[in-house]
There are 2 protein chains.
Amino acid sequence: MSETAPGPDRDAARRPLSRDLVLRSAVALADQSGIDAVSMRRLGQELGVEAMSLYHHVHRKDDLLGGMVETVVAEINLAVGALRGPDPAADWRAALRARVLTARGLMLQHTWLPGVLESRTTVSPGVIRYYEGVLATLRAGGFSYDLAHHALHALGSRVLGFSQELFDPSTPAEDAASQAALAELATELPHLVEMLAEVAHDDPGSTLGWCDDQTEFEFGLDVVLDGLERRRSAAPA
Amino acid sequence: MSETAPGPDRDAARRPLSRDLVLRSAVALADQSGIDAVSMRRLGQELGVEAMSLYHHVHRKDDLLGGMVETVVAEINLAVGALRGPDPAADWRAALRARVLTARGLMLQHTWLPGVLESRTTVSPGVIRYYEGVLATLRAGGFSYDLAHHALHALGSRVLGFSQELFDPSTPAEDAASQAALAELATELPHLVEMLAEVAHDDPGSTLGWCDDQTEFEFGLDVVLDGLERRRSAAPA
DNA sequence: ACCTGAACACCGTTCAAGT
DNA sequence: ACCTGAACACCGTTCAAGT
């Protein structure tokens, strides 16, 4: 293959920098080492370039984060667009469920995304496009715009496939510390202790820290979808 | 009043540092200037002390953030504990609703809390205590431990009074930028455009950026509570 | 025991300079 | 046009020194 770069071959592996390459590298770095590892200097290093060179392809760090979001959300929109699922006019819940679980599948591969998405203060065009598809599904399912609007708020981040849990130790050490903290409070927490004992009995190995996220996500999603269906059928468009 | 500090009065206003004073100052600083303003150096400055002095009262920054959470959640637990609301045995939904909305009232005064709470990886004793109260309410309302466990997951952060919105420009400039981004995509977004037109008609002045958060929060909460009640009554404890 | 100041290893970003 | 390196104003945290 022809290398466009002239001169000695000391940097053969380095492709010319582009916004797309910068964003993809940033996503890969975040996937591998967490979002905190994504600094301009570290990302430059990863690309074999000075940190300052990145500024030719990205306005500032905030723009980098926004671009990372767009990169992944574009993937999600592609997957959701390719979906040949249930007809929303026949079963809007099944149709929306398929969209959400498809999005979730991709979300789970980029665990930094929820945090970044929530911390953004400018709107993401990709997320807007995603919502357009959700809204079309709800409309086809017989929702008025007013109820669909409420529905989007009620679903919140769940529509994109994630829900933040208030307990989620991310390392074994933190999990152990959390267990210890809980044990220390045990006498104050009779209901919690009994619940955990029972849940652990039904599902050995589960703890407060690692309940089955997928099951719980789907349970919560279905609770919301059911509640919305009741309201829809009570007040059709 | 007697000042315990001897010596010249050049620092009369400075109370002796304590963990409690450090935490309260940090909360006040975050309330006023946002969580990004809470750096060790800046907080020290606020207290008239070198940044390094804070380390005598706080293990590290992470401990400071954890302490800030505890400070506010203790407030919430106090308010929720003082509640003389509906009897959960008679109406668990009303009882839980009262707890959640009380928590939300205090949450709204510390807008940095949701973000910090979600980014923590060690469990908060205060939040655990809060959950104990919620669980007691659910049990009194006739939930099995198994269903109550699912319910806690389904409620997620909503149980503490907040739900993250994927659209929330925090400044007028960001709001304007978001509106512009949306306008540019308008032809691709027929449903979204029509929905916004209708919602704006019903509720003039509302935009994607600032729907009535309280109304939407309560709508979403009730959707979940209704869905849970259906499951509870279908499979009593 | 409590507080200090210098130092270390990092940040994001600006700017003038190189090719 | 694209990339560089020094510099600026910040971070959290360690350490040896002060009282």
Side-chain angles (χ1 to χ4, degrees), chain A residues 3-23 25-26 29-30 33-69 112 115-116 119-122 174, chain B residues 3-26 29-30 33-69 112 115-116 119-122:
Chain A
E3 296 284 326
T4 57
D9 212 5
R10 52 181 183 153
D11 257 326
R14 191 205 294 181
R15 281 176 288 168
L17 230 47
S18 69
R19 181 174 169 93
D20 194 64
L21 180 60
V22 168
L23 297 182
S25 303
L29 180 55
S33 309
I35 194 68
D36 285 345
V38 181
S39 74
M40 300 302 278
R41 282 172 170 86
R42 171 79 186 274
L43 181 57
Q45 201 175 304
E46 218 78 15
L47 284 159
V49 106
E50 291 296 311
M52 314 314 147
S53 304
L54 302 175
Y55 283 87
H56 286 275
H57 303 99
V58 132
H59 293 358
R60 61 183 69 79
K61 175 100 186 249
D62 185 72
D63 184 33
L64 175 69
L65 292 174
M68 290 171 71
V69 168
W112 47 272
V116 172
S119 69
R120 311 246 68 225
T121 55
T122 58
E174 284 164 356
Chain B
E3 295 284 327
T4 57
D9 211 5
R10 52 177 183 157
D11 256 325
R14 190 205 293 181
R15 282 175 289 165
L17 230 46
S18 69
R19 182 176 168 91
D20 194 64
L21 179 61
V22 168
L23 296 182
R24 290 192 183 287
S25 303
L29 180 56
S33 309
I35 194 68
D36 285 345
V38 181
S39 72
M40 301 302 278
R41 282 172 170 86
R42 172 78 187 275
L43 181 56
Q45 201 175 302
E46 219 77 15
L47 285 160
V49 104
E50 291 296 312
M52 312 315 145
S53 303
L54 302 175
Y55 283 88
H56 286 276
H57 303 98
V58 131
H59 292 359
R60 62 184 67 79
K61 175 97 186 254
D62 185 71
D63 184 33
L64 175 68
L65 292 174
M68 291 171 69
V69 167
W112 48 271
V116 172
S119 69
R120 311 244 70 226
T121 55
T122 57

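All heavy atoms count here, side chains included; hydrogens, waters and symmetry mates do not. So that the names make sense, note that chain A is the first sequence line, chain B the second, and so on, each numbered from 1. What you see is a predicted model; the values in this text were computed from it and never measured.
- Contact of B:R41 with D:dG12 (side chain to base): a donor-acceptor pair of N or O atoms is detected under 3.5 Å.
- Looking at heavy-atom distances under 4.0 Å, A:H59 makes no contact with the nucleic acid at all.
- If you measure from atom CG of B:L65 to atom C1' of D:dG12, you get 12 Å, rounded to the nearest angstrom.
- Atoms CD (A:E50) and C1' (D:dG5) sit 7 Å apart, rounded to a whole Å.
- Rounded to an integer number of Å, the gap from CG of A:L43 to P of C:dT13 is 13 Å.
- The only option from B:Q45, B:E46, B:M68, B:R24 that meets the side-chain contact (heavy atoms from CB on, under 4.5 Å) definition with B:L29 turns out to be B:E46.
- Relative to the side chain of A:R42, the nucleotides D:dG5, C:dC11, D:dT13 differ in distance, and C:dC11 lies closest.
- A:D62 places its CG atom 16 Å from the C1' atom of C:dC11, with the value rounded to the nearest Å.
- As judged by a 4.0 angstrom heavy-atom cut-off over every strand, A:S53 is placed among the base-contacting residues.
- Among the nucleotides C:dT4, C:dC3, C:dC11, the one closest to any side-chain atom of A:S39 is C:dC11.
- Across A:L54, A:L64, A:V58, a single residue satisfies side-chain contact (heavy atoms from CB on, under 4.5 Å) together with A:R19, and that is A:V58.
- In this entry the distance linking NE2 of A:H56 with C1' of C:dC15 reads 12 Å, nearest Å.
- Using a 4.0 Å heavy-atom criterion, one finds that B:M40 contacts the sugar-phosphate atoms exclusively.
- Residue A:Y55 places its side chain closer to C:dT13 than to any other of C:dA6, C:dT13, D:dT4.
- Applying the Watson-Crick and G-U wobble criteria (two distances, each under 3.5 Å), D:dA6 pairs with C:dT14.
- Counting only heavy atoms from C-beta on, A:K61 has its side chain closest to C:dT13 among D:dT4, C:dT13, D:dG12.
- Considering only the side chain of A:M52, D:dT4 comes nearest among D:dC3, C:dC3, D:dT4.
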